[in-house]
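A quick write-up on the structure given underneath.
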Amino acid sequence: MKILLTTLNAKYIHSNLALKYLYMSAVENRRAIDIREFTINNDDDYIYTEIIRGGYSVICFSCYIWNIARIVYLAENIKKARPDIKILMGGPEVSYDSIEFLRRHKYVDYIIVGEGEEVFKEFVDTFISGAGSFERIRGLIYRANGKIYVNPAADLQDFENVPFPYSFLLPKDDKIVYYESVRGCPFRCSYCLSSIEKHVRPLPLERVKKELGFFLFKHVKQVKLIDRTFNYDRERCNQIVEYILEHDNGITNFHFEICGELIDERFLELLKKARNGLFQVEIGIQSLNPLTLETVNRSKNIDLTLTNIRKVVTLGNIHTHVDLIAGLPFEDYLSFVESFNGVYALGADQFQLGFLKLLKGTKIRDEKELYEYAFRDAAPYEIISNRFISAEGIARLKMVENLLDLYYNRGGFFKTLEYAIARFQITAFDFYEELAYFFYLKGYQNRSHKKEDLYRIFYEYACWKDRSLPGAAEEIQQTLILDMGDTLNPDAIKKFNRKGWKML
């Protein structure tokens, strides 16, 4: 009898922390449990064949918005091929509307609702022993004799008793290592699943230091803490950062998601001591519209948030990532433009323009009629429009997002972007919107581009601007040459003779 824990990650470098927790919770039966992680880029036939040839009795899928459609397709065909195989699913994509999910997908036998460590342990013990009954397992919904049975909800997990997920499953050198030192979030943002849980459950500080020390000892490349708000307890946050500084191995990088408003002077002092590349911080701003922030239960202290982020960016040794969400209540197109310009001015290393997803279980999904949301019925449930912004407005922002990623987030155009916005005497948003219209007018969105092509496209855009701003093309060409020197190898730069600036 063999049990498979599996999922489809968004990228190869990602890994699934939930599977490791489940494996460790049932470690006494580890000889009967395999873990296989695939990606959404793997071919369906490849994944299907790998699972079928494994000879498993139970397939356990970890389900998220980015993989649920593929998992449903795979599970259905696995069941057709092997009706005797039992299909178990867990994760946020099946923890809400679980009964309806089982009704629609009759090839699914079990669903774990919510946190799964204790539930999975009991499930494995029951399944392998053949003794006992599934009806006593809290947090499990299951199908038997043509009926669906809903067990009582499981008690909130005692996070301190959850084992370290890497005790038997050592981190791989070519993947991001995910770790959490806290479950839950003190904030109640209406669009976030973390808002549903009313408690913050931290691991003991000494345990966190010990486990982070393990990663440092193993020289893993990157540790990404999935704590929703790493600095919710500023003293605890600072002690962890101080520990990492004292034990820095010169290799490992740590990524935190923090609240900009809670950044304090001690935190800044510690970051200032860090070597370049030791820390990455991700700060969700989401909007600069006070009414929008109040409506989604976020702090309206915009000035403090922006001031603190500027201080982090000014340090120069911390990789900073900031976020905006398009489609929130009371954020129309012009309001979003203002938010964009305010956040862009921070000069962060990465600026993600995201789009609201009305996730199952969130408050904002319950309010969809109030704000007249139209959104995609299938995961990831992304906004189409609401009563503040039209579908056309969202599409225009999608164009801006594409160009922001290609030219700002991808890197290699720092001098050119700064110069062009100043030279053209327009706002940052107006610049990206205009560049996007040019890009799409030429049809460049219809194919992928090498870095060299992006330089040529930008020069072509500058030549177009030259008609109203004489001399712009030649000036932009010089800044492009400077940027190319920072990012392209010498052989690639040699291709850019005067003729080479034209599109190939």
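What's counted below: heavy atoms across the whole structure, side chains too, no hydrogens, waters or symmetry copies.
At most 12 heavy atoms of other shown residues, nucleotides or ligands fall within 6.0 angstrom of atom CZ in Phe414. Around CD of Glu100, the count of heavy atoms belonging to other residues, nucleotides or ligands within 6.0 Å exceeds 12. More than 12 heavy atoms of other residues, nucleotides or ligands shown are found within 6.0 angstrom of NZ on Lys368. For Glu269, the CD atom is densely surrounded, since the number of other residues' heavy atoms within 6.0 Å is greater than 12. With a 6.0 Å radius and a threshold of 12 heavy atoms from other residues, nucleotides or ligands, Tyr73 has its OH atom at or below the threshold. Counting non-hydrogen atoms of other residues, nucleotides and ligands closer than 6.0 Å to NZ of Lys175 gives a total above 12.
A heavy-atom distance below 4.5 Å is found between the side chains of Leu270 and Asn238. Side-chain contact between Glu76 and His105 is absent, with no heavy-atom pair separated by less than 4.5 Å. Two residues are said to be in side-chain contact when any heavy atoms from C-beta on lie closer than 4.5 Å; Val208 and Tyr179 meet this criterion. Under the 4.5 Å side-chain criterion, counting only non-hydrogen atoms from C-beta, Phe355 is not in contact with Ile325. Residues Phe61 and Val72 fail the side-chain proximity criterion, which asks for heavy atoms closer than 4.5 Å. For the pair Phe187/Cys192, no side-chain contact is recorded, criterion being any heavy-atom separation below 4.5 Å from C-beta on. In this structure, Lys451 and Tyr455 have side chains that are in contact, with non-hydrogen atoms separated by less than 4.5 Å. Looking at heavy atoms from C-beta onward, Thr295 lies in side-chain contact with Tyr371 at the 4.5 angstrom threshold.
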For a side chain to side chain contact (heavy atoms under 4.5 Å, CB included) check, start with the C-alpha distance between Asp323 and Glu282, then their side-chain angles and the critical distance, and finish with the verdict.
CA-CA 8 Å; Asp323 300 322; Glu282 182 175 345; 3.4 Å; yes
Chi angles and distances behind the side chain to side chain contact (heavy atoms under 4.5 Å, CB included) call for Thr479, Phe413
CA-CA 9 Å; Thr479 61; Phe413 293 87; over 6 Å; no
Side chain to side chain contact (heavy atoms under 4.5 Å, CB included) evaluation trace for Leu406 with Ile457
CA-CA 11 Å; Leu406 286 174; Ile457 292 171; over 6 Å; no
Under the side chain to side chain contact (heavy atoms under 4.5 Å, CB included) rule, what do Leu156 and Arg201 come out as? Steps first, then yes or no, please.
CA-CA 10 Å; Leu156 195 64; Arg201 292 167 291 156; 3.8 Å; yes
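Put simply, CD on Glu242 and CD1 on Ile244 are 11.0 Å apart, with the number rounded to the nearest 0.5 Å. To the nearest 0.5 Å, atom CZ of residue Phe429 and atom CG of residue Asn341 are 8.0 Å apart. To the nearest 0.5 Å, atom CG of residue Asp227 and atom CD of residue Glu180 are 7.0 Å apart. Note that the OG1 atom of Thr39 and the CG atom of Asn9 stand 7.5 Å from one another [nearest 0.5 Å]. Interatomic distance, CD of Glu434 versus CD1 of Ile426, reported as 5.0 Å (0.5 Å rounding). Here the CG atom belonging to Leu288 is positioned 9.0 Å from the OG1 atom belonging to Thr305, to the nearest 0.5 angstrom.
Under a 3.5 Å cut-off, the side chain of Arg234 and the backbone N or O of Arg266 do not form any donor-acceptor pair. In terms of modelled atom types and a separation under 3.5 Å, the side chain of Asn289 and the main chain of Phe336 share no donor-acceptor contact. Listed for the Thr320 side chain is a donor-acceptor partner under 3.5 Å among the backbone atoms of Asp349. Not a single donor-acceptor pair under 3.5 Å links the side chain of Asn231 to the backbone N or O of Cys237. A donor-acceptor distance shorter than 3.5 angstrom exists from the side chain of Arg70 to the backbone of Ile40, with no hydrogens or angles considered. Formation of a donor-acceptor pair under 3.5 Å by the Thr292 side chain with backbone atoms of Pro329 is found in this model. Proximity of a side-chain donor or acceptor of Asn317 to a complementary backbone N or O of Leu271 within less than 3.5 Å is detected. At least one donor-acceptor pair under 3.5 Å links the side chain of His449 to the backbone N or O of Arg447. Judged purely by atom type and a 3.5 angstrom limit, Thr362 has no side-chain atom pairing as donor or acceptor with the backbone of Leu358. Within the 3.5 Å criterion, the main-chain N or O of Ile176 finds a donor-acceptor partner in the side chain of Ser15.
If you run ring pair (Phe, Tyr, Trp, His ring centres under 6.0 Å) between Trp464 and each of Phe439, Phe438, Phe458, only Phe438 comes through. Results of the side-chain contact (heavy atoms from CB on, under 4.5 Å) test with Tyr178 over His255, Lys20, Lys224 single out Lys224 as the only residue that passes.
Ring geometry for Tyr408 versus Tyr432: interplanar angle over 60°, hence perpendicular rather than tilted (30 to 60°). Between Phe351 and Tyr344, the angle of the ring planes lies from 30° to 60°, which puts this pair in the tilted group. Aromatic ring orientation, Phe388 versus Phe330: tilted (interplanar angle from 30° to 60°).
When all heavy atoms of Ser95 and Val113 are compared, the pair lying nearest together is O-CG1, 3.6 Å. For Ile389 against Glu331, the heavy-atom pair with the smallest separation is CB-O, 4.3 Å. The two residues Ser62 and Ile71 come nearest to each other via the heavy atoms O-CD1, 3.5 Å. When all heavy atoms are compared, the tightest approach of Ser385 to Ser390 is CB-C, 3.8 Å. Between Ala472 and Asp466, the shortest heavy-atom distance links the atoms N-OD1, 2.9 Å. Shortest non-hydrogen contact noted between Gly327 and Asn386 is O-ND2, 3.1 Å.
Both the sub-6.0 Å distance and the 45° axial angle are not jointly satisfied by Arg396 relative to the ring of Phe340. By the 6.0 Å and 45° rule, Lys357 does not stack over the aromatic ring of Tyr191. Stacking of Lys465 on the aromatic ring of Phe424 is recorded, both the 6.0 Å distance cut-off and the 45° axial limit being met.
For the residue pair Gln280/Gln350, the side-chain donor-acceptor check at 3.5 Å is not satisfied. Defined by atom type and a distance below 3.5 Å, a donor-acceptor pair is missing between the side-chain atoms of Tyr21 and Glu115. Glu235 and Gln239 share a side-chain donor-acceptor pair at under 3.5 Å. In this structure, a donor-acceptor pair under 3.5 Å is present between the side chains of Ser299 and Glu261.
Comment: Arg456 engages Asp453 in a salt bridge, judged by a side-chain N to carboxylate O separation of less than 4.0 angstrom. Between Glu382 and Lys398, at least one side-chain nitrogen of the basic residue sits less than 4.0 Å from a carboxylate oxygen of the acidic one, meeting the salt-bridge criterion. Lys172 and Glu37 are not joined by a salt bridge, as no carboxylate oxygen comes within less than 4.0 angstrom of a charged side-chain nitrogen.
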